[in-house]
Amino acid sequence: MTEAEPLLRSVLFVPAANGRALDKSISLTADALIFDLEDSAADEEKDAARERLRAHLLARPQGRALRVVRINPLATRHGTEDLLMARAARVDVVLLPKVESPRQLHEADDALVETDAPERLRLWAMVETPKGVRHAAEIAEARLRHRLGALAIGPNDLVSAADLQLSSGRPELMPWLGPALVAGKAAGVPVLDGVWSDLADIRGFEAECAQARRMGFAGKTLIHPAQIAGANAAFAPSQDEIERARRLVAAFAAPEQAGRGVIRHEGRMVELLHLHAAERLLARAASIEERTDP
């Protein structure tokens with residue numbers, strides 16, 4: 001875990017057209033808040049939603065959560081104005097919808113450069129179409145002066161576009177998730193799993209979060225504040241994992257193991273890659289503890 005890879009366990013969509021949702025978002029414990037100007041705002045309310053969000057962002061101090069704005073496509077008038085508003089409001093991330101090629105990222109990056117946007121301002125890319133999945137590797141490799149910060153899966157759009165019929169455990173979606181995950185891992189870009197829409201099925205949500213962590217997702221996008229705690233727990237190391245990692249690090253640090261690349265530990269052979277994984281887990285646990293401290 002590094003400073004360039006913030007915690008992204010819980011990433012909540014907040015409809016910018018909903019004033020009550022904006023107000024409530026101030027007190028939430030999500031790692032990131034995506035203020036949405038695209039899907040959640042009808043065409044006739046996009047201008048009003050943008051101005052409402054502008055006022056909200058400028059009136060509220062930066063909290064612990066990353067502030068992300070999902071804009072409309074840059075090819076539209078709304079998209080251009082959304083980008084300029086997000087830049088002026090000094091958000092942390094601009095999320096681009098339906099990214100299907102690096103060109104869309106480069107266009108957004110060029111626009112930010114023209115407005116002297118700080119380097120800390122990141123771009124995230126939604127991968128939610130068949131073309132986006134097909135070109136996921138090219139999109140993830142478009143590091144854009146290190147501005148690309150994450151890929152976010154849009155499963156509902158993918159299911160619709162590919163005419164999928166999902167069953168329990170979503171095996172039908174795996175061929176679509178795999179390319180984006182591999183692309184992100186190869187490029188060192190975090191990948192966010194998509195939303196769980198059935199708010200009444202808590203067990204299903206928890207099972208999908210656990211599956212996503214096992215697959216290597218950095219976190220999950222959410223549609224309701226009630227899902228934040230579950231996602232935060234699912235994508236955090238358990239106490240058992242932390243204790244095992246500590247024992248492994250201590251074993252490698254023992255004087256009798258100095259300089260060894262492979263050691264016997266708790267009945268099995270472990271090597272440096274296991275040590276590095278344990279160190280990453282402990283660093284993540286430390287980041288979570290620091291975040292939750294009052």
Side-chain angles (χ1 to χ4, degrees), residues 8 10-16 32-43 46 66 68-76 78-79 82-83 86 93-109 122-142 144 147-166 170-187 189-198 205 208-209 211-212 215-224 227 231:
L8 297 174
S10 52
V11 181
L12 178 70
F13 280 101
V14 179
L33 300 171
I34 300 177
F35 299 104
D36 185 34
L37 292 168
E38 191 211 13
D39 286 346
S40 65
D43 286 344
K46 288 187 184 293
L66 284 177
V68 184
V69 174
R70 180 164 72 169
I71 68 173
N72 287 280
L74 275 181
T76 68
H78 292 300
D82 293 346
L83 181 69
V93 179
V94 172
L95 175 58
L96 304 180
K98 297 178 176 62
V99 175
E100 296 183 329
S101 78
R103 177 181 55 80
Q104 292 158 273
L105 289 166
H106 286 291
E107 289 175 351
D109 184 53
R122 295 289 185 259
L123 290 172
W124 289 2
M126 289 290 302
V127 178
E128 51 187 337
T129 68
K131 284 186 178 179
V133 171
R134 182 181 180 184
H135 296 291
E138 301 164 50
I139 293 167
E141 293 291 346
L144 304 171
R147 201 183 288 279
L148 182 60
L151 304 179
I153 301 294
N156 291 338
D157 290 86
L158 283 172
V159 167
S160 177
D163 197 24
L164 303 180
Q165 296 183 11
L166 299 189
R170 55 181 180 172
E172 301 82 4
L173 194 58
M174 293 303 155
W176 303 86
L177 299 180
L181 265 172
V182 172
K185 295 294 183 180
V189 177
V191 185
L192 299 171
D193 192 17
V195 299
W196 173 268
S197 300
D198 188 350
F205 170 70
E208 190 164 285
C209 284
Q211 179 199 57
M215 291 177 66
F217 282 103
K220 195 163 183 65
T221 52
L222 313 173
I223 60 171
H224 195 278
Q227 297 175 326

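We count residues from 1, following the sequence as given.
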Apply the test side-chain contact (heavy atoms from CB on, under 4.5 Å) to residues Thr129 and Asp157: give CA-CA distance (whole Å), side-chain angles for both, the deciding distance (0.1 Å), then the verdict.
-> CA-CA 7 Å; Thr129 68; Asp157 290 86; 5.7 Å; no
Residue pair Phe13, Arg70: steps toward the side-chain contact (heavy atoms from CB on, under 4.5 Å) verdict | CA-CA 9 Å; Phe13 280 101; Arg70 180 164 72 169; 3.7 Å; yes
Check step by step if side-chain contact (heavy atoms from CB on, under 4.5 Å) holds for Lys220 and Phe205.
-> CA-CA 10 Å; Lys220 195 163 183 65; Phe205 170 70; 4.2 Å; yes
Please walk me through it: do Trp124 and Leu8 pass side-chain contact (heavy atoms from CB on, under 4.5 Å)?
-> CA-CA 12 Å; Trp124 289 2; Leu8 297 174; 3.7 Å; yes
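A side chain to side chain donor-acceptor pair (under 3.5 Å) with Lys46 is found for one member of Asp82, Thr76, Asn72 and no other, namely Asn72.
For the residue pair Ala86 and Val94, the shortest heavy atom distance occurs at CB-CG2, 3.9 Å. Considering every non-hydrogen atom in both Ala125 and Ile139, the closest pair reads CB-CG2, 4.1 Å. Between Ala140 and Ala183, the shortest heavy-atom contact is CB-O, 3.5 Å. Scanning both residues, Pro175 and Pro171, for their nearest heavy atoms gives CD-O, 3.7 Å. Taking both residues in full, the closest heavy atoms of Ala231 and Cys209 are given as CA-SG, 4.3 Å, listed atom of the first, atom of the second, then distance. Here the closest non-hydrogen pair linking Gly194 and Pro155 is CA-CD, 3.4 Å.
At a threshold of 4.0 Å, the pair Arg170-Asp193 counts as salt-bridged, since one of the basic side-chain nitrogens sits closer than that to a carboxylate oxygen.
Counting only heavy atoms from C-beta outward, the side chains of Val93 and Leu123 never approach each other to under 4.5 Å. Side chains of Met126 and Lys98 form no contact here, defined as non-hydrogen atoms less than 4.5 Å apart. Residues Leu95 and Ile71 have side chains not in contact (no heavy-atom distance under 4.5 Å, counting atoms from C-beta outward). Ile153 places a side-chain heavy atom less than 4.5 Å from the side chain of Leu158. With a 4.5 Å cut-off on side-chain heavy atoms, Pro179 and Val133 count as touching. Within the 4.5 Å cutoff, side-chain heavy atoms of Leu37 are placed close to those of Val69. The shortest distance between side-chain heavy atoms of Glu128 and Pro97 falls below 4.5 Å. For the pair Val11 and Ile34, the minimum side-chain heavy-atom distance is below 4.5 Å.
Taken from CG in Leu222 to OG in Ser197, the straight-line distance is 11.0 Å, to the nearest 0.5 Å. Atom CG of Leu74 is separated from atom CD of Gln104 by 8.5 Å, given to the nearest 0.5 angstrom. A distance of 12.0 Å separates CD in Glu172 from CG in Asp163, rounded to the nearest 0.5 Å. Between the CD atom in Glu208 and the CD atom in Gln211 there is a gap of 6.0 Å [rounded to 0.5 Å]. Separation of atoms NE2 (His106) and CZ (Arg147) is listed at 12.0 Å; rounding is to 0.5 Å.
Using a distance-only test at 3.5 Å, with no hydrogens or angles considered, no donor-acceptor pair links the side chain of Lys185 to the main chain of Val191. No side-chain donor-acceptor contact under 3.5 Å links Trp176 to the backbone of Gly178. Ser160 places no side-chain N or O within donor-acceptor distance of the main-chain N or O of Asn156, the cut-off being under 3.5 Å.
Side chains of His224 and Gln227: a donor-acceptor N/O pair is absent below 3.5 angstrom, by distance only.
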